[in-house]
Amino acid sequence: MGIKRTRFISDFLVDSQITVVSGLAEGVDTTAHLSAIEREGKTIAVIGTPLDQYFPVKNKKLQDQIAEEYLLISQFPENYIVTPKNFPIRNRTMALISDATIIIEASEKSGTKHQGWEALRLGRELFIMENVIKENNISWAKEMLNYGAQVLTNDNYRDLIENIPYLTSKEEYAF
């Protein structure tokens, strides 16, 4: 279901001339990038490895395409050792370069929560899909609502996204 939601939201963003920013991870991230490319939109991949490394390896072709035709960003230098801590750092970077963050699906231990908290800390808009909020096993998403995150639903997504204060020139969105 997360893939279907991602494609729907990503298609809407591209049709609204908004750049899709994501982390090139398997699943939601891959779908967001592919949707942007298929609809001839703009996409930026922020990776948690040096530019010459691939994670996941199965996204090598997509990473190479984004590096060649779009924008691939890494703050990790060549030969940098890849560890799990790289990915929350990557998520913070995505929050920093984006006007808003959308959390489409996540678990209690998901690194996505780092990006959500960073978006809120930076004063960026944070939208959390209704399905994540309704998940009983996820406490951080409900807590984020107390700090300004908004619930994104099938009924309100268009209004919320189109009314982002920073989005004067329809810049970037992160997943």
Test item: Tyr157 and Arg5 side chains (from C-beta on) under 4.5 Å apart, heavy atoms: no

From OG1 (Thr49) to CD1 (Ile81), nearest 0.5 Å: 13.5 Å

Pairwise side-chain contact, Ile37 with Tyr70, heavy-atom cut-off 4.5 Å (strictly under): yes

Crowding at NZ, Lys142 (>12 non-hydrogen neighbours, <6.0 Å): yes

Sub-4.5 Å side-chain heavy-atom contact between Val28 and Thr112: no

Closest non-hydrogen atom pair, Pro50 against Pro77: CG-O, 3.2 Å

Within-4.5 Å side-chain heavy-atom neighbours: Leu71 and Thr19: no

Rounded distance (nearest 0.5 Å) linking atom CD1 of Ile128 with atom CD of Glu135: 13.0 Å

Lys113 (side chain) donor-acceptor with Lys109 (main chain) under 3.5 angstrom: no

Taking every non-hydrogen atom, the tightest pair across Ser74 and Ile47: CB-CG1, 3.8 Å

Thr6 side chain to Ala32 backbone, donor-acceptor under 3.5 Å: no

Closest heavy-atom pair and its distance - Val132, Ala141: CG1-CB, 3.9 Å

Backbone of Thr153 reached by a side-chain donor or acceptor of Asn156 within 3.5 Å: yes

Residue pair Pro88 / His114: nearest heavy atoms and the distance that separates them: CB-CD2, 3.6 Å

Rounded distance (nearest 0.5 Å) linking atom CD of Glu118 with atom CG of Leu96: 7.5 Å

Heavy-atom side-chain contact between Trp140 and Ile103 under 4.5 Å: yes

Close side-chain approach of Ile102 and Ile161, heavy atoms under 4.5 Å: yes

Whether over 12 other heavy atoms sit under 6.0 Å from Phe55 CZ: no

Test log, rule side chain to side chain contact (heavy atoms under 4.5 Å, CB included), inputs Val82 and Phe87: CA-CA 9 Å; Val82 178; Phe87 298 94; 4.1 Å; yes

Check: Glu125 main-chain N/O paired with Thr101 side-chain donor or acceptor under 3.5 Å: no

Under 3.5 Å donor-acceptor, Ser16 side chain and Ile18 backbone: no

Heavy-atom side-chain contact between Ile73 and Ile97 under 4.5 Å: yes

Rounded distance (nearest 0.5 Å) linking atom CG of Leu62 with atom CG of Leu24: 5.0 Å

From CD (Gln75) to CZ (Arg90), nearest 0.5 Å: 10.5 Å

Criterion side chain to side chain contact (heavy atoms under 4.5 Å, CB included) on Met94 and Asn91, from CA distance to verdict: CA-CA 5 Å; Met94 285 190 290; Asn91 289 348; 3.0 Å; yes

Any Arg39 side-chain heavy atom under 4.5 Å of Asp15 side chain: yes

Within one Ile-Leu-Val-Met-Phe-Trp-Tyr cluster: Phe76 and Leu51, side-chain cutoff 4.5 Å: no

Exceeds 12 heavy-atom contacts within 6.0 angstrom, atom CD of Glu69: yes

Test item: Trp117 side-chain N/O and Met144 main-chain N/O as donor-acceptor pair under 3.5 Å: no

Val20 with Leu34, same ILVMFWY side-chain cluster at under 4.5 Å: no

Within one Ile-Leu-Val-Met-Phe-Trp-Tyr cluster: Ile133 and Leu126, side-chain cutoff 4.5 Å: yes

Nearest atoms (heavy-atom pairs only) where Ala36 meets Thr43: CB-CB, 3.9 Å

Separation of Tyr54 OH from Asp64 CG (nearest 0.5 Å): 3.5 Å

Any donor-acceptor pair under 3.5 Å from Gln63 side chain to Gln53 backbone: yes

Intermediate values then yes/no, side chain to side chain contact (heavy atoms under 4.5 Å, CB included), Ile3 and Arg7: CA-CA 6 Å; Ile3 299 301; Arg7 183 163 293 281; 5.6 Å; no

